[in-house]
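Below: one structure, written as structure tokens.
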Number of protein chains: 2
Amino acid sequence: MSAEDNLLKLVEAEEVDDHDYLLQEQVGFILRKAHQRHVSIFAARIADLTPPQFAALAKLRDVGETSQNQLGTLIAMDAATVKGVIDRLKARGLVELSRHEVDKRRLLVNLTPEGRDAIERLIPLAREITQETLAPLSAKEIATFMKLLAKLA
Amino acid sequence: MSAEDNLLKLVEAEEVDDHDYLLQEQVGFILRKAHQRHVSIFAARIADLTPPQFAALAKLRDVGETSQNQLGTLIAMDAATVKGVIDRLKARGLVELSRHEVDKRRLLVNLTPEGRDAIERLIPLAREITQETLAPLSAKEIATFMKLLAKLA
DNA sequence: GGAAATTCATTCGTATGCAAATGATATCAA
DNA sequence: TTGATATCATTTGCATACGAATGAATTTCC
């Protein structure tokens, strides 16, 4: 019985023998491995920045100055995580921080000129990373996969 | 410039303006979000074990006693990561460790009776986690998605 | 206006995840 | 047989990732 058959059986009958539970067929396990592979491809092409750090710079390039919390929402990081990422980018001079004049709770984050240079320089590499990650799929499969993956995320 | 113009340009010239780089459309970013969502669903159903810990127990159930390194290979964890996971499972009495009699480098890992009870009890919940993670997709979409995801992982 | 609730940010603790260095053991090859 | 290699495990350091608790500032609502 194939993995797809098991999945169909699971969905349709909502019952299978416990002996049929195979870790390597579970979506969570495969998602984790696919993510690991992507991170590895990313690191091979962009050694001096992590994917979350790149995401922060790329999003700041899109939206301009924003609060740390808002940035976290945009790149799907909770407050504690985004703080660490921004701290490290600040330490490297790629972003600068300032207080919101009206709402003194907010910490505004913006690209420095060095940060803008960096993200502009890295975007072509990021395109290659996306391509290499998707390389096992045909163009048609890529379109299908991205549509379905977006539904899950 | 319209979206169709961009598409034409992309297809014909294989070159796009850097302004067209959108983080939220990149496979790595969406993979990370899909994985986050799965972990969140997992945590809601299985509060006392993480996905990597569950993976270790589930794989030990499949293959029986193995070395720590071999287990790491089977569940896609490097040696440093698997050590931490096994240490925590050992501290909770779910696995037991012993030295390989012949090859004294190897650290054998096995389920304790408590560990076996735990994984048997959790597998039905794990099925529900898989179902809930895939719930946004139809049965046919699930089959397609799993096939393509496996190619990427 | 003022108390309650909300929002923004920080800190702490725990758990992956991986690169690199190290030590112990085992295997290979001259 | 022994010296070079390879394998297994551990440790350290760094970087996410998130729950929970805390404090400061703002907004809501009576």
>> Each nucleotide in nucleotides 16-26 of chain C should get exactly one letter: B, S or -. Can you fill that in based on protein heavy atoms under 4.0 Å?
In response: SBBB----BBS
How many whole angstroms separate atom [atom1] of [X] from atom [atom2] of [N]?
| X | N | atom1 | atom2 | value |
| --- | --- | --- | --- | --- |
| B:Arg106 | D:dT10 | CZ | P | 14 Å |
| A:Lys83 | C:dT10 | NZ | P | 5 Å |
| B:Leu89 | C:dT14 | CG | C1' | 14 Å |
| B:Lys90 | D:dA9 | NZ | P | 15 Å |
| B:Leu107 | D:dT11 | CG | P | 11 Å |
| B:Ile86 | D:dT10 | CD1 | P | 10 Å |
| B:Leu49 | D:dC18 | CG | C1' | 17 Å |

Electrostatic pair [X]-[Y], nearest N-O below 4.0 angstrom:
| X | Y | answer |
| --- | --- | --- |
| B:Asp87 | B:Lys90 | no |
| A:Arg121 | A:Asp117 | no |
| A:Arg45 | A:Glu128 | yes |

>> Show every ring pair (Phe, Tyr, Trp, His ring centres under 6.0 Å) that has at least one partner inside residues 74-110 of chain A, sequence neighbours left out.
In response: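 Found none.
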>> Using OP1 and OP2 only, check whether a side-chain N or O of B:Gln70 sits under 4.0 Å from D:dT7.
In response: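 It does not, given that no N or O in the side chain of B:Gln70 lies less than 4.0 Å from OP1 or OP2 of D:dT7.
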> Judged by atom type as modelled, is there a donor-acceptor pair below 3.5 Å linking the side chain of A:Thr133 to the main-chain atoms of A:Ile129?
Replying inline: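 Yes; judged by distance alone, with no hydrogens or angles, the pair exists.
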> For B:Phe145, what residues pass the ring pair (Phe, Tyr, Trp, His ring centres under 6.0 Å) criterion, not counting sequence neighbours?
Replying inline: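 Partners of B:Phe145 by the ring pair (Phe, Tyr, Trp, His ring centres under 6.0 Å) criterion, ordered by chain and then number, come out as A:Phe145.
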